[in-house]
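See below for the structure under consideration.
Just so we're clear, the structure is a prediction, and the values are computed from it rather than from any experiment.
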Amino acid sequence: MNADDYAWFDDHDESLAMAFCITFVRGLTPQEAFDRLGITVHPEAGIEDLLDERAVAASAVEGGVILIEPNGFAGIQDSVTKPLSAGTVTASVFLNINADQHFVHAADGEVVTRFEPDYPGSRSGSDEDRLLAHMVALGMPIEDVDDDDEDWGDPIHTAFALAERATGVRLTPQALDNPTLIGSTRPSPDMDAQVGQFPPGTRSDRHSWSLG
C-alpha cells in the first residue's frame with residue numbers, strides 16, 4: 001500500500017476530510033475498542049450523529065477496527081492510545097481545520113513514535129525510528145528538510161498508508177459509510193477548566209473525553 005491507495009479520501013466525504021482523527025487498531029472488535037475507552041454506544045444513532053464533535057464511530061474491518069472521530073482528536077492522546085494499544089498496536093492520523101497534523105503509533109500501551117506528517121523528519125517516542133523503513137518506502141523525508149523541498153507527496157494520504165503498514169488494518173470507504181457502532185463521549189465535569197488544552201483548530205474547545 002502507498003499514498004495513492006488513499007487518494008479517494010479527500011473527495012469521499014469533504015466535510016470529514018477537513019478535520020478528523022482516524023485510528024487504526026489491530027485485532028480488536030468495535031465493541032472491544034469501545035469497552036477499553038468507556039465509550040457509550042447509541043444503538044439507534046445514525047450516520048448524521050458523526051457531525052457531533054463528541055461522536056465516535058467504530059467500523060469492523062479485516063484484521064481489526066477503524067475508529068472515526070469527525071473533528072476529533074482523542075485518538076492522539078496518551079489517555080486513549082495507552083489503553084487502546086494494550087496487547088496490540090494502533091496508529092492514529094489527525095488533521096484539523098488549521099492544517100495541524102499528527103501521526104501517533106502505539107504498541108503495548110506505549111507511544112512508539114509520533115510526528116507531524118507534513119514534517120516527518122522530527123519524531124519522538126520510545127522507539128521513534130521503528131517505522132523508518134516504511135517511511136522511506138513511502139517517500140517520506142526522514143530528516144528535516146527546507147520548506148522549498150517539501151513537495152514530496154500528500155502527507156495525510158501517506159500517513160494513512162503508514163498507519164496501514166504499522167497495524168495491518170486498512171481504511172476503506174465502506175468503513176466510513178457503514179460503521180458497526182456509533183457512540184459518544186461524555187463532557188468532562190470540569191470542562192471549563194480544560195478550555196485551551198485542545199489542539200488548535202478543532203471546531204469546538206468545549207468538550208473533552210471522559211473515559212471510564
Side-chain angles (χ1 to χ4, degrees), residues 6-25 30 33-34 36-42 44-59 61 65-81 83-84 90-106 114-119 154-160 162-163 169 171-211:
Y6 287 97
W8 57 267
F9 179 79
D10 293 347
D11 294 329
H12 185 77
D13 185 332
E14 293 182 0
S15 178
L16 177 67
M18 290 175 59
F20 61 85
C21 185
I22 295 178
T23 301
F24 301 58
V25 188
F34 274 19
R36 289 190 178 199
L37 301 178
I39 294 175
T40 302
V41 176
H42 292 280
E44 304 303 319
I47 196 69
E48 66 275 5
D49 293 300
L50 291 177
L51 298 176
D52 186 335
E53 74 276 1
R54 291 172 293 175
V56 56
S59 292
V61 295
V65 62
I66 297 287
L67 300 181
I68 305 140
E69 301 172 70
N71 191 42
F73 60 90
I76 62 171
Q77 294 185 312
D78 288 356
S79 60
V80 169
T81 59
L84 194 59
T90 67
S92 298
V93 181
F94 164 86
L95 174 71
N96 69 16
I97 58 175
N98 291 336
D100 296 316
Q101 307 176 11
H102 293 282
F103 176 92
V104 179
H105 171 48
R114 69 168 79 231
F115 58 87
E116 299 174 25
D118 49 348
Y119 291 101
D154 187 294
I156 293 298
H157 298 170
T158 308
F160 284 148
L162 183 62
V169 175
L171 173 65
T172 64
Q174 292 74 26
L176 298 182
D177 295 341
N178 300 296
T180 308
L181 297 175
I182 294 177
S184 68
T185 61
R186 297 196 306 269
S188 171
D190 59 345
M191 66 176 71
D192 290 338
Q194 307 227 6
V195 171
Q197 297 181 14
F198 297 82
T202 49
R203 288 194 287 262
S204 172
D205 62 358
R206 299 188 302 275
H207 301 289
S208 68
W209 277 51
S210 177
L211 302 179

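- Between the side chain of His105 and the backbone N or O of Ser92, no donor-acceptor pair lies under 3.5 Å.
- Atom CG of Asp13 and atom CE of Met18 lie 11.0 Å apart (nearest 0.5 Å).
- Between Asp10 and Asp154, the closest side-chain pair of non-hydrogen atoms falls below 4.5 Å.
- Here the straight-line distance linking atom CG of Leu95 with atom CG of Leu16 works out to 9.5 Å at 0.5 Å rounding.
- Residues passing the salt bridge (charged side-chain N to carboxylate O under 4.0 Å, His left out) test with Asp78 are Arg114, sequence neighbours excluded.
- At least one donor-acceptor pair closer than 3.5 Å links the side chain of Glu69 to the backbone N or O of Ala74.
- Applying the ring pair (Phe, Tyr, Trp, His ring centres under 6.0 Å) test to Phe115 and every residue at least two apart in sequence or in another chain returns Phe103.
- Between the CD1 atom of Ile76 and the OG1 atom of Thr23 there is a distance of 9.0 Å, given to the nearest 0.5 Å.
- Annotation: the span from Leu37 atom CG to Leu84 atom CG amounts to 5.0 Å, rounded to 0.5 Å.
- The aromatic rings of Tyr6 and Trp8 are tilted relative to each other, their planes meeting at an angle between 30° and 60°.
- Residues Leu171 and Val93 are not in side-chain contact: their nearest non-hydrogen atoms beyond the backbone lie 4.5 Å or more apart.
- Two residues are said to be in side-chain contact when any heavy atoms from C-beta on lie closer than 4.5 Å; Ser59 and Ile68 meet this criterion.
- Under the ring pair (Phe, Tyr, Trp, His ring centres under 6.0 Å) criterion, Phe9 pairs with Phe20, Phe160, not counting sequence neighbours.
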